[in-house]
Amino acid sequence: MGRHGWESVARRWRFTALLGVGAAVLALVVTLVNVVPGGGSTAGTSPEGDKVHGTPVLPPKRPGPEVGWGFTHTRFSADEGSTAAVGRVQRLLSKDGGLPQNQAIMGWGADNPEPVRGRYDFGALDRRIDFVRASGGTPVITLCCSPDWMKSGKAGVGSTDWSQEALETAPRPEHYADFAALAATVAKRYPDVRHFLVWNEFKGFWNDAGARWDYEGYTRMYNLVYRALKKVDPGIRVGGPYLVMDSVDPRAADASATFRGTWGAMDQRVLDAFTYWNRNKAGADFVVVDGSSYTNDDELLPDEFAATDKFTAVGRWVRRQTGGLPLWWAEYYVEPADGNDERRGWSPARRVAVQAAGLIALARGGATTGFYWNPERKSGGDCPGCLWTPTDGPGGGRALPMYDLLARFARAFGPGSRHETVQIAADDVPNVRVLADAEDALVVNTLDRPISAQVDGRRFDMQAYEVKWLTRTSG
């Protein structure tokens, strides 16, 4: 199936030009059968959206609210490509326990799940869930985005508007309940998916008149979705609000007067939106945010490593506001993108080192779950930040440095890991970032030159931007 930009393209149903009167009549009959009154084509869809797909391996009836460190499937992923390459990624993930894997219900590789009210097309989403199952992963679903008919667009197969503006439009208020019903349908279809994120970055929830987030509208929809999922199964885990925790120049008009650091100041409008949701939510099993270490002007303050301290500050603030709800980061970014949303400006070693520092900062802030946004490509070539090489050819699907970092971090610092303080030589404190528990220690050289570091009672050499793992024999 073809793919558009950052989202998948819906099926295009065309009738081949037919010769003869009889063939033309047949085509007309088929067309009429596949069109509902007042709606568009339903060709290829089914009314049985809530029919269980495949053979799910059911997890515990009441799973915990944390799943650990994993990644998000984006436009291209390892569910498609050469059989050999796809299998290689599946084995790679299985070897490391599968890793938690997040997938949206529409866009980022998934088609329009409900092109016409009550008619479903879960083909692409089925394939992604099958891949997660085959690789032994924990499946997580982001309930975004919504079918066009829920947001004043056209209904029907082939009518989906895949432009970014359309995809990022929220359902109209009169369709919030329809979106909640779709969420319940998804939950019934994939009973092994026990964790759901409600919406994505407040897309479409902006109050133009007030120049602020429409947190009332989002919270109303969130509460309907939360209740619909709990009605399917009270053991399902639900979280929000998936706000982008923007930081700004401390001199900006929207800068918080009280929540700031060397990394900048929080955008007060984001804090207001979070506070409203937190006070008015129907419930939450975990809290979800996302964001970057840099400001919304792409400034790394005071530098790329120290800027990650923002993750720690935000995490601790969120945990205080929610009374200690488990904290998830749905996305996290440490390298500013260019005008084409590409991140190519750093060397591979620098990229991995800053990502490692970011993970350390997230964990220090109390996060126990996080998803790396995997910028996978369809075909071969340079792929900065990707977890594995593209799977279009039989030689693809091989682990890249970012995968090695993420998989090792997931094994070492999963839910339940208790962080410990380790001794760092005074002259090394400014130059290294360290996270440790009783068994492992992660050390990052933040300098673009070799150093000799003394950490946890051991002295060792580190190359420029090196990421080193130490096995601890005692706490």
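As the structure is a prediction and not an experimental result, all values here were calculated from the model. If you read the sequence from its start, that first residue is 1, and numbering goes on from there.
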State, yes or no, whether a side-chain contact exists between F305 and Y465 at a heavy-atom distance under 4.5 Å. yes
Cationic tip of R408 above W469 ring, under 6.0 Å, 45° of axis: yes
Hey, could you give me the CG/CG distance between L405 and L442, rounded to the nearest 0.5 Å? 7.0 Å
Side chains of E335 and Y333: is there a donor and an acceptor less than 3.5 Å apart? no
Side chains of Q90 and S135: do they bring a donor and an acceptor to under 3.5 Å? no
State the CD-CD1 distance between Q103 and I129, to the nearest 0.5 angstrom. 7.0 Å
Any chance the side chains of Y403 and D96 put a donor and an acceptor closer than 3.5 Å? yes
Going by disulfide bond (SG atoms under 2.5 Å apart), name the pairs with one or both residues in residues 316-359, residues two or more places apart or in two chains. none
So do W328 and V140 actually touch side chain to side chain, heavy atoms under 4.5 Å? yes
Side chains of H195 and N102: is there a donor and an acceptor less than 3.5 Å apart? no
Expected output: side-chain K310 to main-chain S292 donor-acceptor under 3.5 Å: yes
Could you check if a side-chain atom of R237 sits within less than 4.5 angstrom of a side-chain atom of F286, using non-hydrogen atoms only? yes
Reference residue Y120; test side chain to side chain contact (heavy atoms under 4.5 Å, CB included); the match among L182, L125, N112: L182
Residues, nucleotides or ligands: over 12 heavy atoms within 6.0 Å of E201 CD: yes
Taking it one step at a time, do W329 and Y332 satisfy ring-ring contact (aromatic ring centres under 6.0 Å, His included)? CA-CA 7 Å; W329 284 81; Y332 51 91; 7.7 Å; no
Can you find a side-chain donor-acceptor pair between E304 and W346 that sits under 3.5 Å? no
If we ignore angles and hydrogens, is there a donor and acceptor under 3.5 Å between the side chains of R433 and T446? no
Looking at P415, is its backbone amide N or carbonyl O close enough to the side chain of T368 to form a donor-acceptor pair, meaning the two atoms are under 3.5 Å apart? no
Without hydrogens or angle criteria, can the side chains of Y190 and D126 be said to hold a donor-acceptor pair below 3.5 Å? yes
How far apart are the closest heavy atoms of P250 and A265, and which atoms are they? CA-CB, 3.9 Å
Please report the interatomic distance CZ(R377) to CZ(R75), rounded to the nearest 0.5 Å. 10.0 Å
Any side-chain heavy-atom pair from D456 and Q423 closer than 4.5 angstrom? no
Which of parallel (below 30°), tilted (30 to 60°) and perpendicular (above 60°) describes F413 and H419? perpendicular
Between D437 and R418 (side chain of the first, backbone of the second, donor and acceptor by atom type, cut-off under 3.5 Å), is there such a pair? no
Parallel, tilted or perpendicular: which one describes the rings of F179 and W199, with boundaries at 30° and 60°? perpendicular
Return yes when atom CD of E342 has more than 12 non-hydrogen atoms of other residues, nucleotides or ligands closer than 6.0 Å, and no otherwise. yes
Kindly indicate, with the supporting measurements, whether the criterion side chain to side chain donor-acceptor pair (under 3.5 Å) is fulfilled by Y372 and E331. CA-CA 6 Å; Y372 178 72; E331 304 170 41; over 6 Å; no
Look at the side chain of D246 and the backbone N and O of D267, then say whether any donor-acceptor pair between them is shorter than 3.5 Å. no
Apply the side chain to side chain contact (heavy atoms under 4.5 Å, CB included) test between P241 and each candidate in V287, L197, N278; give the one that qualifies. V287
Going by side-chain hydrogen bond (donor to acceptor under 3.5 Å, both in side chains), name the residues that satisfy it together with D214, two or more places apart in sequence or in a different chain. none
Can you check whether N280 reaches R220 side chain to side chain, under 4.5 Å on heavy atoms? no
May I ask you to decide if G397's main-chain N or O and T389's side chain share a donor-acceptor pair within less than 3.5 Å? yes
